[in-house]
Amino acid sequence: MRNPDQQYIAYPANTIRIIQSHDFQFLKKYGQNFLIDLHVMEKIVRAAGAGPDDIVIEIGPGIGSLTQVLAEEAGRVIAVEIDRRLIPILSQNLAAYSNVEIVEGDFLKLDLPAFFKEKHIDRPVKVVANLPYYITTPIIMALFESGIPLDNVTVMVQEEVARRMQSGPGTKDYGALSLAVQYYASAYIAAYVPQNCFMPRPGVGSAVIRLTRFTEPPVRVQDEKLLFGLIRAAFAQRRKTLVNSIANSPELKFTKEEVAGALKELNLSETIRGEALDLEQFARLAEVLHG
Ligand code: SAM
């Protein structure tokens, strides 16, 4: 339970006061829908498991509502915000928390290993974010692919994106993101969050999903880059056969005959589409084509 005497930024009256006193205009292009529900924030912090020994990286702190709750629980919070107008507001709102560091920048443009070094991050971090939908996939991929020490990534995403991460072959939500998430992490939906928990209200419902990084991926491949190349090719043209999508991919150098031969070796039809394969089958295909 939060301290009832504490003036939380997330209280709607406080959020409104801060927005008005700074004459802040929400920017759609940065997906600025601020969370105004303390219970949802509690769920996020609990799902992330943030405690006194933890370093938390928050992507997109906004006016600092979730940052404040994180600062009360975690040992150290590093918050990266792209919108320059929010930096003085964040500094003012979080002045009482000496364990918070605010960094101005586009998280997608950060050289993550260099950033970790610069900030003397010496243990696996917990990443927490309430993200605009259009950067969810690139941010999650960048976090996993960069090889930085990660414990978990707990993110608020559109409900549909949360479903996509957990879906398998034969469902309409299944795609490259599902396979990437399933390769790197186990996914757990910690909460469904209705539109009225945000200011301004977004057009769709959201969900908090926690991705806990596997120590070992569930399938083994010799060439991870090839595996993800095949997955990207398969879903870039998902209505095409796998043979055509792989042979047409500018990123890959296989002929139709080579792909058809590999599929035959795996007892799969030459006319199969990529969306019918699960992670294990993509991994086996990558192994055959690698050979
Ligand atoms: N964390 C706050 C909350 O929960 O109320 C704000 C969430 S709001 C949905 C998304 C925030 O991410 C905004 O403050 C926006 O400016 C910031 N943002 C958007 N793109 C970003 C990026 N590429 N790097 C860092 N921050 C970003």
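In each ligand, atom 1 is the first atom listed, and ligand 1 is the first ligand listed. Residue numbers run from 1 in the order of the sequence given.
- Sorted by first and then second residue, the salt bridge (charged side-chain N to carboxylate O under 4.0 Å, His left out) pairs involving residues 141-156 (not counting sequence neighbours) are Lys126-Asp151.
- Ionic pairing of Lys264 and Glu270 is not present here: no N-O contact between side-chain nitrogen and carboxylate oxygen is shorter than 4.0 angstrom.
- Within 4.0 Å of ligand 1, the residues that place a heavy atom are Tyr30, Gly31, Gln32, Asn33, Phe34, Leu35, Glu58, Gly60, Pro61, Gly62, Val80, Glu81, Ile82, Asp83, Leu86, Gly105, Asp106, Phe107, Asn130, Pro132, Ile135, listed by chain and number.
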With a 3.5 Å cut-off and sequence neighbours excluded, list the donor-acceptor pairs that the side chains of residues 281-291 form with protein atoms.
unit_1 : atom_1 : unit_2 : atom_2 : d
Gln281 : OE1    : Asp278 : N      : 3.0
Glu287 : OE1    : Gln222 : N      : 2.9
Glu287 : OE2    : Gln222 : NE2    : 3.1

Output a table of donor-acceptor pairs, distance under 3.5 Å, between side-chain atoms of residues 183-199 and any protein atom two or more places apart or on a different chain; print 'none' if there are none.
unit_1 : atom_1 : unit_2 : atom_2 : d
Tyr183 : OH     : Glu224 : OE2    : 2.7
Gln195 : NE2    : Gly203 : O      : 3.1

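- Checked by atom type, the side-chain pair Glu72/Tyr8 shows a donor-acceptor distance below 3.5 Å.
- Between the CD atom in Gln237 and the CG atom in Leu242 there is a gap of 11.0 Å [rounded to 0.5 Å].
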